[in-house]
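A short write-up of the structure that comes next.
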Amino acid sequence: MIQHHINTFIANYLIEKKLDFDDWTVSQNTKKDFGEFSSNLALKLAKHLKKSPLEIAENIVKESAGISEIFTLSASAPGFINFHISNQYYYTVLKKILKEGENFGKKRTHNKKANVEFVSSNPTGPLTVGHGRQAILGDIISNILTWDGYSVTREYYYNDAGKQMRVLAESCYAKYAALCGENVSFPENGYVGSYIDKIAQKILDLKGASLKPEDKIFREFTENEIFTDIQNTLNRIGVKFDVFSKEGQFYSNGSIDKILEFFAKNNLSYVKDGAVWFKTSHYGKEEDKVLVKSTGEPTYRLPDIAYHADKVDRGFDLIVDVFGADHIDTYPDVILGLECLNKKTDHIKVIIHQFVTLKKGGEIVKMSTRKANFVTLDELVDDLSPDIIRYFFIMRGANSHLDFDLDLAKDDSEKNPAYYLQYAHARISNLLKRYSQEMGDNKVDTNYENLKSQDELNLLKILSDFPDRMNDIVSSLEPRRLATYLEEVAAAYHKFYGNQKVINPADIKTSTDRKDLCRAAQIILKIGLSILGISCPERM
RNA sequence: GCCCCGGUAGCUCAGCAGGAUAGAGCAACUGCCUUCUAAGCAGUAGGUCACACGUUCGAAUCGUGUCCGGGGUACCA
């Protein structure tokens with residue numbers, strides 16, 4: 001908000017001086033000795049004007065004295081122009097936060113629609129810790145977009161028709177047969193987890209021992225059981241989907257055949273060795289990719305293209321795909337496929353996150369996919385609250401590997417970083433309760449001019465920064481940045497709390513100002529924590 | 001080989017649309033609860049921001065190259 005004022009000021013200055021020049025920036029200062037913001041304008045103009053940067057900066061400062069009520073200017077070596085924001089400005093923002101409450105920072109509403117696809121794990125087994133990261137990431141990204149005014153569809157896409165599911169059914173039959181005392185060879189790369197044994201047992205109990213391997217129940221019942229489990233797990237961490245899309249529909253509604261026809265007709269594909277190839281090499285890829293195997297089975301690419309084409313056709317303004325790092329090389333093929341179909345793609349945003357390793361007793365727990373020695377998300381939820389799980393999964397940026405330290409997560413003490421934010425909120429709640437008990441609720445007119453200590457102003461400045469920070473978070477879709485911001489808010493609050501006594505019957509004006517500052521901090525914490533899907537406890 | 005991510009304090013990581021003295025949590029050490037919640041605060045110690053070169057008034061941040069770790073590179077998803 002304030003940056004906007006400064007930008008306008010500089011732009012106007014340049015227009016006034018008839019300078020056609022836009023190579024300058026305004027940055028927020030970490031060290032406040034130089035004001036809250038600085039611009040490199042003079043440093044950049046130096047070459048252009050063939051004058052020393054400091055001289056230019058000093059001139060600008062001199063010429064602009066008294067031009068704004070919001071800030072004053074100063075120049076410093078080697079040529080920065082510093083903007084010192086008046087306390088008055090921040091007092092206005094405080095009023096605004098209190099007035100607008102949880103709507104503070106929201107821009108004008110728009111009617112855009114977004115689709116966020118995440119998890120999308122095939123129902124071949126329980127969700128692992130790795131899926132948990134994606135579930136939380138996708139959910140919070142959806143929350144961020146909702147905050148920004150989007151109407152968001154959370155979508156889970158899965159493959160109910162391919163090879164994986166066939167192998168799953170075969171695995172289940174093999175287990176079933178074994179329970180019936182028959183000797184059936186186990187499928188190659190079959191699923192060996194104990195959850196399959198349980199499902200096979202259930203089938204045996206339900207249907208008896210006379211089923212044939214081709215009976216549909218091995219596929220349908222197994223898929224259903226596992227999928228129900230997956231949804232239960234997701235519900236436990238507060239993740240709910242609006243739409244489940246199944247791959248099978250793109251076979252039955254003919255869209256896959258249509259794509260193949262279109263590609264063949266437009267010379268985008270060819271047949272070689274009994275397989276259908278996508279001419280990806282014509283578009284800068286290293287080699288062509290197979291769309292349909294010689295067995296007649298499509299690879300994942302083809303239905304994925306059909307699915308994404310369908311999403312594009314559904315008319316979203318923004319499509320977000322959240323994938324694990326193992327998809328890094330595959331989604332460009334899908335995008336390329338869409339482009340070949342003449343579909344819009346520039347509104348598709350792909351978020352790739354790195355993997356999760358689980359740390360227990362200081363050691364990394366190795367997880368392998370099919371071998372059934374993974375830690376399930378459910379096991380994690382058994383031990384930890386959703387708040388802790390959510391916080392731990394977004395403690396790191398999506399692009400960083402995530403070490404999930406189970407011992408730290410389980411730690412119920414001040415060591416656990418997840419409590420820091422919630423504690424600030426709880427502290428405020430309690431303080432406000434005490435305040436009305438001891439001070440009453442009588443209204444005092446105030447301009448907040450009693451807020452002038454470092455701790456108070458620092459907290460107020462951080463709170464004022466919320467709209468700009470959300471702006472960045474919406475465009476980056478990086479939940480970690482929201483957590484970082486809230487940590488700054490909490491730290492500033494805890495510091496203020498430690499140094500300034502709020503409730504003081506001898507000084508009602510100062511008490512009121514500080515109480516309102518606390519209320520504003522609580523509002524910001526509550527907005528932020530809600531977006532993260534973390535609860536805001538009244539006490540801890 | 002090629003492509004994508006990462007390499008910042010003892011450990012785990014922020015910071016990275018270039019900006020002034022590089023931050024947090026954990027671990028270590030020292031203080032602070034008869035006063036609004038100590039799940040907190042204050043302080044000490046800890047760094048050649050992997051390395052080299054380059055661009056720039058200015059580089060943890062941008063470029064090139066090297067090294068190390070992870071992922072991908074399938075007629076698996």
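These numbers were taken from a predicted model, which means no experiment stands behind them. In what follows, chains are A, B, ... by sequence order, proteins preceding strands, each numbered from 1.
Nucleotide B/A42 is matched to B/U30 when pairs are restricted to Watson-Crick or G-U wobble geometry with both distances under 3.5 angstrom. Judged by Watson-Crick or G-U wobble contacts below 3.5 Å, the nucleotide B/U56 has no partner. Shown here, B/G23 forms a base pair with B/C13; the pair counts as Watson-Crick or G-U wobble because both key distances fall under 3.5 Å. With a cut-off of 3.5 Å on both Watson-Crick or G-U wobble distances, the partner of B/G6 is given as B/C68.
Look at A/E223 and A/K246 and you find a salt bridge, because one of the NZ, NE, NH1 or NH2 atoms lies within 4.0 Å of a carboxylate O, short of that distance. Taking 4.0 Å as the cut-off between side-chain N and carboxylate O, A/R469 and A/E488 count as a salt-bridged pair. Salt-bridge formation is not detected for the pair A/D407/A/K410: no Lys NZ or Arg NE/NH1/NH2 atom is positioned less than 4.0 Å from an Asp or Glu carboxylate oxygen.
Judged by ring centres under 5.5 Å apart and planes tilted less than 30 degrees, A/Y497 fails to stack against the six-membered base ring of B/G40. Stacking of A/F80 onto the six-membered ring of B/G19 is not present when judged by under 5.5 angstrom between centres and under 30° between planes.
Position along RNA chain B of the nearest nucleotide to A/A490 versus A/L408 favours A/L408 as the more 5'-ward residue. Between A/T25 and A/T484, the residue anchored closer to the 5' end of RNA chain B is A/T484, taking for each the nucleotide with the nearest heavy atom.
Of the listed nucleotides (B/C3, B/G40, B/C36), B/C3 has the atom at the smallest distance from the side chain of A/D329. When the nucleotides B/A42, B/U12, B/G40 are ranked by their closest atom to the side chain of A/K495, B/A42 comes out on top. Listed nucleotides B/C75, B/G19, B/G72 differ in distance to A/W277; the shortest reach to its side chain belongs to B/C75. Comparing B/C41, B/A14, B/G71 against the side chain of A/N499 picks out B/C41 as the nearest. Among the nucleotides B/C57, B/A77, B/C75, the one closest to the side chain of A/H327 is B/A77. Side chain of A/R396, nearest nucleotide from B/C13, B/C41, B/C75: B/C13. Nearest nucleotide to the side chain of A/K359, out of B/A77, B/C11, B/C13: B/C11. In the set B/U37, B/U73, B/A14, the nucleotide with an atom closest to the side chain of A/S400 is B/A14. Here B/G70 is the nucleotide among B/G70, B/G40, B/C36 with the atom lying nearest to any side-chain atom of A/Q354. Closest to the A/P78 side chain, of the nucleotides B/C36, B/A38, B/C57, is B/C57.
A/D326 comes within contact range of at least one nucleobase, with a heavy-atom separation under 4.0 Å. Within 4.0 Å (heavy atoms only), A/A426 reaches at least one base atom of the nucleic acid. Among the protein residues, A/K501 comes within range of the nucleic acid bases, having at least one heavy atom under 4.0 Å from a base atom. Contact annotation for A/A77: base contact, defined as any heavy-atom pair under 4.0 Å involving a base atom. Across all strands shown, A/E538 has heavy atoms under 4.0 Å from base atoms, whether or not it also approaches the sugar-phosphate. Using a 4.0 Å heavy-atom cutoff across all strands shown, A/Q500 reaches at least one base atom of the nucleic acid. Looking at heavy-atom distances under 4.0 Å, A/N504 makes no contact with the nucleic acid at all. Contact annotation for A/Q422: no contact, since no heavy-atom pair falls under 4.0 Å across all strands. Across all strands shown, A/G79 has no heavy atoms under 4.0 Å from either base or sugar-phosphate atoms. Within 4.0 Å of A/A325, counting heavy atoms only, lie sugar-phosphate atoms of the nucleic acid but no base atom. Using a 4.0 Å heavy-atom criterion, one finds that A/K289 contacts no nucleic acid atom at all. When heavy atoms are screened at a 4.0 angstrom cut-off, A/N122 is found touching the sugar-phosphate backbone but no base atom.
The gap from the P atom of B/G40 to that of B/A27 amounts to 11 Å, rounded to the nearest Å. Nucleotides B/A28 and B/A20 have their P atoms positioned 33 Å apart, rounded to a whole Å. Straight-line distance between the P atoms of B/C16 and B/C62: roughly 10 Å, to the nearest whole Å. Atom P of B/G54 sits at a distance of 40 Å from the matching atom of B/G43, rounded to the whole Å. B/C5 and B/G15 are spaced 15 Å apart, taking the P atom of each and rounding to whole Å. Of the C1' atoms belonging to B/C51 and B/U37, the separation is 49 Å, rounded to the nearest Å. Only the C1' atoms considered, B/U34 is 15 Å distant from B/A38, to the nearest whole Å. If you take atom C1' in B/U12 and the same atom in B/G6, they sit 14 Å apart, rounded to whole Å.
For B/A20, its base sits under 3.5 Å from the side chain of A/N82 at one donor and acceptor pair at least. Within 3.5 Å, no donor on the side chain of A/T299 pairs with an acceptor on the base of B/A74, nor the reverse. The base of B/G19 lies close enough to the side chain of A/N40 for a donor and an acceptor atom to sit less than 3.5 Å apart. In terms of polar N and O atoms assigned as donor or acceptor, the side chain of A/S76 comes within less than 3.5 Å of the base of B/A20 in a complementary pairing. A donor-acceptor contact under 3.5 Å is formed by the side chain of A/K44 with the base of B/G58.
At the phosphate of B/A38, OP1 or OP2 sits under 4.0 Å from a side-chain N or O atom of A/R427. Side-chain N/O atoms of A/R539 include none lying less than 4.0 angstrom from OP1 or OP2 on B/U37.
Computed from coordinates, the A/L406 CG to B/C26 P distance equals 18 Å when rounded to whole Å. Computed from coordinates, the A/Y423 OH to B/C36 C1' distance equals 11 Å when rounded to whole Å. Here the P atom of nucleotide B/A74 and the CD atom of A/E287 are 5 Å apart, to the nearest Å. Between the C1' atom of B/U12 and the CG atom of A/D407 lies a distance of 13 Å, rounded to the nearest Å. Rounded to an integer number of Å, the gap from CD1 of A/I351 to P of B/C5 is 13 Å. Rounded to a whole Å, the CD atom of A/E488 is 12 Å from the P atom of B/G25. Atom CZ in A/F355 sits about 17 Å away from atom P in B/C4, given to the nearest Å. Atom pair A/Y331:OH and B/A77:P shows a separation of 20 Å (rounding to whole Å applied).
Side-chain contact of A/E36 with A/H84: a donor-acceptor pair under 3.5 Å is absent, judged by distance alone. For the residue pair A/D321/A/H308, the side-chain donor-acceptor check at 3.5 Å is satisfied.
Aromatic ring pairs are classed by plane angle as parallel below 30°, tilted from 30° to 60° and perpendicular above 60°; the pair A/Y157 and A/Y307 is parallel. Between A/F466 and A/Y485, the angle of the ring planes lies from 30° to 60°, which puts this pair in the tilted group. Classification of the A/F71-A/F9 ring pair by plane angle, with boundaries at 30° and 60°, yields perpendicular.
Taking the ring centroids of A/F393 and A/F404, they lie under the 6.0 Å cut-off.
B/C32 has its base anti relative to the sugar, with a glycosidic angle deviating from 0 by more than 90°.
A cation-pi contact, defined as under 6.0 Å to the ring centre and within 45° of the axis, links A/K272 to A/W277.
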